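What follows is a single structure, written as structure tokens, with notes after it.
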Amino acid sequence: MPEALQLPIVDLSSPDSLSIANSIRQACIEHGFFYLVNHGVEEELLKKVFEQSSKFFSLPIEEKMKLSVKNYRGYTALYAQKLDSSSNAKGDTNEGFYVGPLADHLNQWPLEEDLPSWRSTMETYHKKVLSAGTKLISLIALALKLDEDFFEKRGALNEPYAFIRLLHYPGDLESSGEEIYGASAHSDFGMMTLLVTDGVPGLQVCREKSKQPQVWEDVPSMISDGRLFMAFIVNIGDMMERWTNCLFRSTLHRVLPPGQERYSVAFFMNPNKDIIVECLESCCSESSPPRFPPIRLLDYLEERLSLAYRL
Ligand SMILES: O=C(O)CCC(=O)C(=O)O
Ligand SMILES: [Fe+2]
């Protein structure tokens, strides 16, 4: 039985920014994962997002395929994704739906008559989580001993390239004997991810990616008073790892094979897509030179996405 991990808890409503920044720093150095509570996204809204997500995934496959992913927005069918490109499995056992930045009008939406209030729910959710994510970015700047507006001043928050990904892991698949995961082992590509789940277990992390054999630990969803959806599970992605020269970890994680139906909603928080991600001055020195060359955010994301979806 894998151990359940005790992740640090960060309270976004605390008035003491420096002490939140310190706890974020420690969490990002030690785990690359933490729970975020009092994030300002109401439970009612989270429930609506899960309801609407389940309504969409219950549509006939022909309807869903009409919204097949374009410009990284829309539906991805079962097995379309394979996050661990080295695995021999046919793909990950999840179906998903991406909703991207609202301003560029590239999103695809289900028909209003099929799913009234679907679009408005997702738009409201996108705005709300973006605002929590924006607050987190200024705290991350403080956590890195930079000015609070460090990322903002560099244009990072001007048109953030942020995506909702609704996920559905069906529970009733026949087992083919293949090693198949709900989501195979991966690190997230972007700056950071804010995840909520329906409470069904499955998410695991591997804190030492190069240690063999790999040790996987369960990340339980934080459920308080029997109510779901309390906390976001936040994790650092590759872009932040590169910015910080690996001080903050982009931790390997996966979702176990389905045995029970499961829903989750990820929010991939990214800065502006044209920003150049390069080692921060405060994170390198003569004895610790930059480990990665500078890269444009979109170039990195597109490379990883094309591997994960064989685009
Ligand atoms: O569904 C989950 O719990 C995690 C999903 C995930 O890691 C991802 O989509 O990047
Ligand atoms: Fe992930």
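All of these numbers come straight from a predicted model, not from anything done at the bench. Counting starts at 1 for both ligands and their atoms, in listed order.
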(message) Can you tell me how the ring of F151 sits relative to the ring of W243, calling it parallel under 30°, perpendicular over 60° and tilted otherwise?
(response) perpendicular

(request) Check ligand 1 against V255 and write out every atom of the ligand that is under 4.0 Å from a heavy-atom position of the residue. (result) 1 (O), 2 (C), 3 (O), 4 (C)

(message) List ligand 1 atoms under 4.0 Å from S264, heavy atoms only on the residue side.
(response) 1 (O), 2 (C)

(request) Mark yes or no: R296 above the aromatic ring of Y300, with NZ or CZ under 6.0 Å from the six-membered ring centre and no more than 45 degrees from the axis. (result) no

(message) Using 30° and 60° as the class boundaries, would you call the ring planes of F57 and Y75 parallel, tilted or perpendicular?
(response) tilted

(request) Grab the two heavy atoms, one from L166 and one from S53, that are nearest each other, plus how far apart they are. (result) CB-OG, 3.9 Å

(request) Describe, in one word, how the ring planes of H126 and F267 are oriented to each other, choosing from parallel (under 30°), tilted (30 to 60°) and perpendicular (over 60°). (result) perpendicular

(request) Among all protein heavy atoms, pick the one closest to atom 3 (O) of ligand 1 and tell me residue, atom and distance. (result) R262 NH2, 2.9 Å

(message) Is there a side chain to side chain contact (heavy atoms under 4.5 Å, CB included) between V219 and L7? Walk through the geometry before answering.
(response) CA-CA 8 Å; V219 178; L7 290 180; 3.7 Å; yes

(message) Below 4.0 Å, non-hydrogen atoms only: which portion of D188 touches ligand 1? Side chain, backbone, both or neither.
(response) side chain

(message) A cation-pi test, strictly: NZ or CZ of R262 under 6.0 Å from the centre of the six-membered ring of Y169 and no more than 45 degrees from its axis. Yes or no?
(response) yes

(request) Flag the pair E123 and K48 as a salt bridge only when some basic side-chain nitrogen lies within less than 4.0 angstrom of an acidic carboxylate oxygen. (result) no

(message) Taking 4.0 angstrom as the limit and counting only heavy atoms of H253, give me the atoms of ligand 1 inside it, by number and element.
(response) 7 (O)

(message) For a quick test of reading the model, state the closest non-hydrogen atom pair linking F292 to E241 and the distance between them.
(response) CE1-O, 4.3 Å

(message) Can you give me the closest heavy-atom contact between Q204 and W216, atom names plus distance?
(response) OE1-CB, 3.6 Å

(message) Around the Fe ion (ligand 2), how many protein N, O or S atoms are found at less than 2.8 Å?
(response) 3

(request) Enumerate the atoms of ligand 1 whose separation from the nearest heavy atom of L167 is less than 4.0 angstrom. (result) 1 (O), 5 (C), 9 (O)

(message) Can you tell me which portion of R254 lies within the under-4.0 Å heavy-atom range of ligand 1? Options are side chain, backbone, both, or neither.
(response) neither

(message) Using a 4.0 Å cut-off to any heavy atom of Y169, which atoms of ligand 1 qualify?
(response) 1 (O), 2 (C), 4 (C), 5 (C)

(request) Indicate, as side chain, backbone, both or neither, the part of T193 found under 4.0 angstrom from ligand 1 when only non-hydrogen atoms are considered. (result) neither

(message) I need the nearest protein heavy-atom contact for atom 6 (C) of ligand 1: residue, atom name and distance, please.
(response) H186 NE2, 3.8 Å

(message) I'd like to check which ligand 1 atoms, numbered from 1 as shown, lie under 4.0 Å from a non-hydrogen atom of F268.
(response) 9 (O), 10 (O)

(request) Check the pair E208 / R249 against salt bridge (charged side-chain N to carboxylate O under 4.0 Å, His left out), numbers first and verdict last. (result) CA-CA 10 Å; E208 303 295 339; R249 294 161 173 240; 3.7 Å; yes

